[in-house]
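The structure appears right after this line, and notes come after that.
As the structure is a prediction and not an experimental result, all values here were calculated from the model. Residue numbers begin at 1 in each chain, while the letters A, B, ... track the order of the sequences.
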There are 2 protein chains.
Amino acid sequence: MSPDPTFHNLASDLVVLSARLTRAVRREVEHPAGARALSILDELGPAGVTALAVADRCSQPTMTATVKGLEEQGLVSRRPHPTDGRAQVVDLTDAGHAELARIRRLNAELVTARLADTDHTAEEVATAVAVMRDILRPNPQEDTL
Amino acid sequence: MSPDPTFHNLASDLVVLSARLTRAVRREVEHPAGARALSILDELGPAGVTALAVADRCSQPTMTATVKGLEEQGLVSRRPHPTDGRAQVVDLTDAGHAELARIRRLNAELVTARLADTDHTAEEVATAVAVMRDILRPNPQEDTL
DNA sequence: TGGATTTACATAGCCTTCCTATGTAACCAT
DNA sequence: ATGGTTACATAGGAAGGCTATGTAAATCCA
């Protein structure tokens with residue numbers, strides 16, 4: 001039942017280190033919740049509030065509030081869904097695309113500056129990204145993660 | 001000046017994916033701030049509030065509040081520093097060690113369940129952990145990250 | 001030695017980001 | 001047509017963060 005303890009520790013460390021990296025970046029890049037939403041919108045394309053909440057793994061009211069804030073900043077637009085009277089279609093504005101690019105540049109600068117001091121190759125970073133992407137890949141079965 | 005665009009994207013993705021993993025885990029594991037502090041205390045051993053704040057990259061008042069909460073839950077103890085009248089020595093209690101073990105088990109379960117569906121090897125996960133650890137390694141020069 | 005600076009921690013006040021519970025309106029299936 | 005479901009909004013509150021500031025101990029140095 002108990003898995004390989006090495007794997008167990010690695011998995012736990014990955015979570016802890018992710019949390020710390022997130023904390024570290026948060027000090028430099030403001031409004032991380034909005035940034036996540038912009039990033040998801042860029043990946044999904046125009047989407048409704050509930051779909052965004054699922055993708056970000058937050059509650060629907062939380063995403064409603066996030067989108068509202070982004071709209072007030074002019075970073076996203078909202079229009080009624082053409083055929084479904086209940087739904088909204090949220091999309092990035094030009095300003096939203098620009099802001100997302102700015103955030104990505106900031107993120108990259110913070111990380112590359114640190115990686116430059118190490119002997120890690122781009123391939124190793126790519127492996128890290130691939131592992132995390134697969135961990136977070138949507139899984140129809142379980143809603144737990 | 002502008003670095004390899006591939007590397008740039010990888011670095012940015014790593015930040016974004018870390019933020020999402022952190023969000024996802026947060027839904028399962030309560031009080032992430034306290035959990036981070038417990039983890040750091042375990043790595044550092046007994047330490048003062050300011051040292052913990054530096055390690056967690058949060059402000060000193062934030063760590064003061066976190067430690068206060070952990071103390072109220074009986075997860076850490078505090079005693080005056082033996083020689084420095086200003087300082088406190090914070091340490092894990094037995095209950096704190098137990099809680100940390102519980103959190104690590106939860107983290108590991110969440111991640112391993114997802115990794116099991118992929119073809120990633122333990123070595124690849126180890127690479128991911130090593131990369132992130134080096135990104136977060138304390139750097140005397142720059143305080144930016 | 002003694003005043004100035006630095007360091008360690010606490011307090012106050014505020015903001016963002018989350019949540020659950022609940023409400024409303026539109027859609028859908030019988 | 002009406003009962004269940006779905007999409008989103010609102011309300012209220014907790015957690016976690018920050019800056020600014022206060023206090024007291026330690027350290028520095030003239």
Side-chain angles (χ1 to χ4, degrees), chain A residues 19-40 44 46-73 75-91 103 143, chain B residues 19-40 44 46-73 75-91 103 143:
Chain A
R20 285 191 200 155
L21 180 58
T22 302
R23 284 271 322 116
V25 170
R26 179 173 157 62
R27 306 203 79 181
E28 311 295 325
V29 183
E30 61 286 4
H31 296 235
R36 286 199 316 273
L38 292 178
S39 174
I40 286 170
L44 292 181
V49 168
T50 299
L52 294 174
V54 169
D56 196 39
R57 292 178 170 81
C58 71
S59 69
Q60 169 262 309
T62 294
M63 186 53 74
T64 293
T66 299
V67 166
K68 188 179 170 189
L70 291 172
E71 189 184 23
E72 281 164 7
Q73 294 177 267
L75 301 178
V76 304
S77 62
R78 300 166 76 187
R79 55 181 188 276
H81 191 283
T83 66
D84 187 337
R86 302 164 297 179
Q88 301 283 321
V89 178
V90 182
D91 199 0
I103 290 167
D143 287 346
Chain B
R20 287 191 200 155
L21 180 58
T22 301
R23 282 274 320 118
V25 169
R26 180 175 157 63
R27 306 205 79 181
E28 312 294 327
V29 183
E30 61 286 3
H31 296 234
R36 287 200 314 274
L38 292 178
S39 175
I40 286 170
L44 259 47
V49 168
T50 299
L52 295 174
V54 169
D56 195 40
R57 293 180 170 81
C58 70
S59 70
Q60 168 263 308
T62 293
M63 186 53 74
T64 293
T66 299
V67 167
K68 188 179 170 190
L70 291 172
E71 190 184 24
E72 280 164 8
Q73 293 177 266
L75 301 178
V76 303
S77 63
R78 299 165 77 188
R79 56 180 188 278
H81 191 283
T83 66
D84 187 336
R86 300 164 299 178
Q88 300 283 321
V89 179
V90 183
D91 199 0
I103 290 167
D143 287 348

Ignoring backbone atoms, test whether A:R26 places a side-chain nitrogen or oxygen under 4.0 Å from the OP1 or OP2 oxygen of D:dG17. no
Does B:T62 make a side-chain N or O approach to OP1 or OP2 of D:dG16 shorter than 4.0 Å? no
Taking B:T64 for its side chain and B:Q60 for its backbone only, find out whether a donor-acceptor pair lies under 3.5 Å. yes
How many angstroms lie between atom [atom1] of [X] and atom [atom2] of [Y], to the nearest 0.5 angstrom?
X	Y	atom1	atom2	value
B:R86	B:T50	CZ	OG1	9.5 Å
B:I103	B:E28	CD1	CD	13.5 Å
A:R23	B:R57	CZ	CZ	9.5 Å
A:H31	A:L38	NE2	CG	11.5 Å

Only one of A:V90, A:V89, A:D91, A:L70 forms a side chain to side chain contact (heavy atoms under 4.5 Å, CB included) with A:R78, so which one is it? A:V90
Shortest non-hydrogen contact from [X] to [Y]?
X	Y	result
B:A55	B:I40	CB-CG2, 3.6 Å
A:P80	A:Q88	N-OE1, 4.3 Å
B:R27	A:S59	NH2-N, 3.8 Å

Length of the line joining [X]:[atom1] and [N]:[atom2], which is rounded to integer Å:
X	N	atom1	atom2	value
A:Q60	D:dT10	CD	P	11 Å
A:H31	D:dC18	NE2	P	14 Å
A:R79	D:dA7	CZ	C1'	16 Å
A:M63	D:dT10	CE	C1'	17 Å

Within the 4.0 Å heavy-atom criterion, would you say B:P32 contacts the bases, only the backbone, or no part of the nucleic acid? sugar-phosphate
For B:T64 and for A:A65, find the nucleotide of DNA chain C with the closest heavy atom, then tell me which residue's nucleotide is more 5'. B:T64
Residues in contact with DNA chain C, drawn from residues 81-91 of chain A - heavy-atom cutoff 4.0 Å: A:T83, A:D84, A:G85, A:R86
Starting at the 5' end of DNA chain D, which residue's closest nucleotide do you reach first, A:T50 or A:R23? A:T50
Those stems involving DNA chain D that have three or more consecutive Watson-Crick or G-U pairs, both distances under 3.5 Å, are C:1-30 with D:1-30
For DNA chain C, which nucleotides open and close the run of contacts to chain A, 5' to 3', at under 4.0 angstrom from a non-hydrogen atom? C:dT17 to C:dC27
Shortest side-chain distance from B:R36, nucleotide among D:dT10, D:dA7, D:dG17: D:dG17
Verify the distance criterion only: is there a donor paired with an acceptor across the side chains of B:T66 and B:R36 at less than 3.5 Å? no
